[in-house]
Amino acid sequence: MEEQAKKTIFSGIQPSGSLTIGNYIGALRNFALLQDDYNCLYCVVDMHAITVRQEPAVLRRRCLEVAATYIACGLDPKKNIIYCQSHVSGHAELMWILNCFTYMGELSRMTQYKDKCAKHADNINAGLFTYPSLMAADILLYQADLVPIGIDQRQHLELTRDIAQRFNGVYGDVFTIPEAYLGKVGSKVMSLQDPTRKMSKSDPEECYIAILDDPDAIRRKLKRAVTDSDGEIRFDPEGKPGVSNLLSIIAALSGETIEKTVEGLQGQGYGALKERATECVLETLTPIQAEHKRLMADKAYLQGILADNAERANAIALKTLRKVQRKVGFAERVKK
Ligand code: TRP
């Protein structure tokens, strides 16, 4: 397909905490299927991350780790643009302009802002408040058509659309109005300890499997995964959430249907179910971890990829930014 005819997908990833097999099954592994048909940007949002306090050395490492994880999961950094937000100054510049088209009332209503204020009462900073306008800048800078997001980011995307429409209403069609990307829905992975809730990296360790967990941790966590007491392997997310979650994980990673998975385990106990799950998780994660390790060991190579990709992102970003600056009436930049 012609580059021009392809739609643009933009995704922002927080460099905080660890990515889980939930992220892998629900999102990451599907991204590799998009790389030929869409122009995809995966931005490590380090500027968003500092809205809460970060340890500088940890943040620096995590940015590289997230980028390496994406590449290790099969995203080709030549086909996709995988880069750090702070490396492309247009994000901050467009954000300022969008801030002037965003109302205090809109930002005050954001549920994530209210949650974060409650959680970080000692550091309710202006960045936390204007977080959604930076997110809008991320998306609009690249004229993204589609944004893969979880339900928790829906409100921010709605606001992005409102800001873009407001701006377009004044200055003409400057921004593409983005939509949520709901792609091929990978099965939702639930917490190992409370299988009625989604697996989340912000829950305690034993609730999730990180993509970078070592084999011992994976074995231990799956062994301790919550099941139930009737002892029968059957797929019933309502009545048997723990067992069904393990079955979904096996099916998703092995490529078998749920029915086949259940059939294969007929007459066996939960021990066998957990062992099969462990096998599938290890089989999937071992090569990813090896590639991740290889990338992290050659930091210069990885940083080179990020530099190249930031340059590619910047070239796209500047087109939008210059147009926006002209529209709002900033003085022209003449070449000397
Ligand atoms: N706010 C998003 C999150 O917490 C991360 C993010 C930042 C993002 N900018 C984005 C997601 C742009 C999609 C598009 O998950």
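Just so you know, residue 1 is the first one in the sequence shown, and it goes up from there. Indexing begins at 1, ligand by ligand and atom by atom, following the structure's order.
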Tracing side-chain contacts under 4.5 Å among Ile, Leu, Val, Met, Phe, Trp and Tyr outward from M47 reaches M95, L134
Side-chain (Q35) to main-chain (D76) donor-acceptor, under 3.5 angstrom | yes
Mind running ring-ring contact (aromatic ring centres under 6.0 Å, His included) on H91 and Y142 for me, showing each step along the way?
CA-CA 10 Å; H91 289 256; Y142 300 93; 5.6 Å; yes
_Does E291, at its CD atom, have more than 12 non-hydrogen atoms belonging to other residues, nucleotides or ligands within less than 6.0 Å?_
yes
In short, side-chain hydrogen bond (donor to acceptor under 3.5 Å, both in side chains) pairs touching residues 324-336 with sequence neighbours left out are R322-Q325
Quick note, side-chain hydrogen bond (donor to acceptor under 3.5 Å, both in side chains) partners involving residues 235-255, not counting sequence neighbours, are D228-K240, D230-K240, K240-Y270
Pocket residues around ligand 1 (non-hydrogen, under 4.0 Å) come out as F10, G12, Q14, V45, H48, Y131, M135, D138, I139, V147, I149, Q153
